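Everything below concerns the one structure shown next.
Everything numeric here is computed off the predicted structure, so don't read it as measured data.
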Amino acid sequence: MKKLMMAILLMPIFVSAGFTTGYSVLDLDLGDGDSISLGALNAAYTWEGDSPFSTQAGVLIGIQDDKFEGVTLELDPSFYLKGMYNLNENFFIAATWTKFEAEASAGSISESASDSEMGLGIGFNAGKFRFIFDHVDDTDIFSIQYSF
């Protein structure tokens, strides 16, 4: 009986959900005015209900690398979770948790690292398109998403 009641309560979450896909640009501040820009495809699933709150879980898959002083940095598949509060039909604010996975290589030497960070963001909905700006630690993330 508990499982049935839980399924009934959670059903609106799954009924009003949607897939999104798009492109993200990650601009990492290295200090002293230096930065690295990485490009990534993003794919996400968004749960929206009747309340002004929604949740998005997604993945960033690096497709554009960058070099800094002979070291190539590339983004490995990274995950994020975003809680959004819709101010109205078009604008929203967001709190984002990300788990970045990256690899740096120079010549035959390669090193991988991961880091989890929290950040804040703002966004704008325009029909089926969503424009999002997130600031996570020393990284600015600009994303364009298309909702199916």
Could you tell me which non-hydrogen atom of [X] sits nearest to which non-hydrogen atom of [Y], and how far apart they are?
X	Y	value
Tyr23	Gly39	OH-CA, 3.3 Å
Tyr80	Ala44	OH-CB, 3.3 Å
Asn125	Glu89	ND2-O, 3.6 Å
Ser37	Asp66	N-OD2, 2.9 Å

Notebook entry, point to check: So Val25 and Leu38, side-chain contact (heavy atoms from CB on, under 4.5 Å) or not? Walk me through it.
Noted result: CA-CA 6 Å; Val25 176; Leu38 303 173; over 6 Å; no

Taking the side chain as C-beta and beyond, is there a heavy-atom pair between [X] and [Y] under 4.5 Å?
X	Y	result
Thr46	Thr20	yes
Glu101	Ser112	no
Glu103	Leu75	no
Asp34	Phe68	yes
Asn86	Ser54	yes
Ile93	Leu87	yes

Next item on the list: State whether the number of non-hydrogen atoms from other residues, nucleotides or ligands found under 6.0 Å of Leu73 atom CG is greater than 12.
Entry: yes

Margin query: According to a hydrophobic-cluster definition based on side-chain heavy atoms being under 4.5 Å apart (Ile, Leu, Val, Met, Phe, Trp, Tyr only), do Phe19 and Ile144 belong together?
Written below: yes

What I want to check is whether the side chains of [X] and [Y] have a donor and an acceptor closer together than 3.5 Å.
X	Y	value
Ser24	Asn42	yes
Gln145	Gln56	yes
Ser110	Ser105	no

Using 0.5 Å steps for rounding, measure from the [atom1] atom of [X] to the [atom2] atom of [Y].
X	Y	atom1	atom2	answer
Thr55	Trp47	OG1	CH2	7.5 Å
Leu26	Ser143	CG	OG	7.5 Å
Ile141	Thr98	CD1	OG1	5.5 Å
Ile61	Ile63	CD1	CD1	9.5 Å

Checklist line | side-chain contact (heavy atoms from CB on, under 4.5 Å) between Ile132 and Phe124, intermediate numbers included | finding: CA-CA 7 Å; Ile132 307 168; Phe124 177 80; over 6 Å; no

Notebook entry, point to check: Any salt bridge (charged side-chain N to carboxylate O under 4.0 Å, His left out) pairs touching residues 126-148, not counting sequence neighbours?
Noted result: Glu48-Arg130, Lys82-Asp134

Note to self: Tell me every residue that passes side chain to side chain contact (heavy atoms under 4.5 Å, CB included) with Asn88, counting only those two or more places apart in sequence or in another chain.
What the structure shows: Asn90, Phe91

Notebook entry, point to check: What do the steps show when you test Leu60 against Leu41 for side-chain contact (heavy atoms from CB on, under 4.5 Å), and what is the final call?
Noted result: CA-CA 6 Å; Leu60 297 170; Leu41 290 177; over 6 Å; no

Next item on the list: Evaluate the ring planes of Tyr146 and Phe148, with Trp represented by its six-membered ring, and classify them as parallel (under 30°), tilted (30 to 60°) or perpendicular (over 60°).
Entry: perpendicular

Checklist line | Output field: ring centroids Phe133/Phe142 closer than 6.0 Å | finding: no

Item checked: Phe53 backbone acceptor or donor facing Ser51 side chain under 3.5 Å -> yes

Next item on the list: Show your working on side-chain contact (heavy atoms from CB on, under 4.5 Å) between Ser35 and Leu30 and close with a plain yes or no.
Entry: CA-CA 5 Å; Ser35 67; Leu30 302 175; 5.5 Å; no

Note to self: With side-chain contact (heavy atoms from CB on, under 4.5 Å) as the test, pick out the partner of Glu117 among Thr96, Thr139, Val136.
What the structure shows: Val136

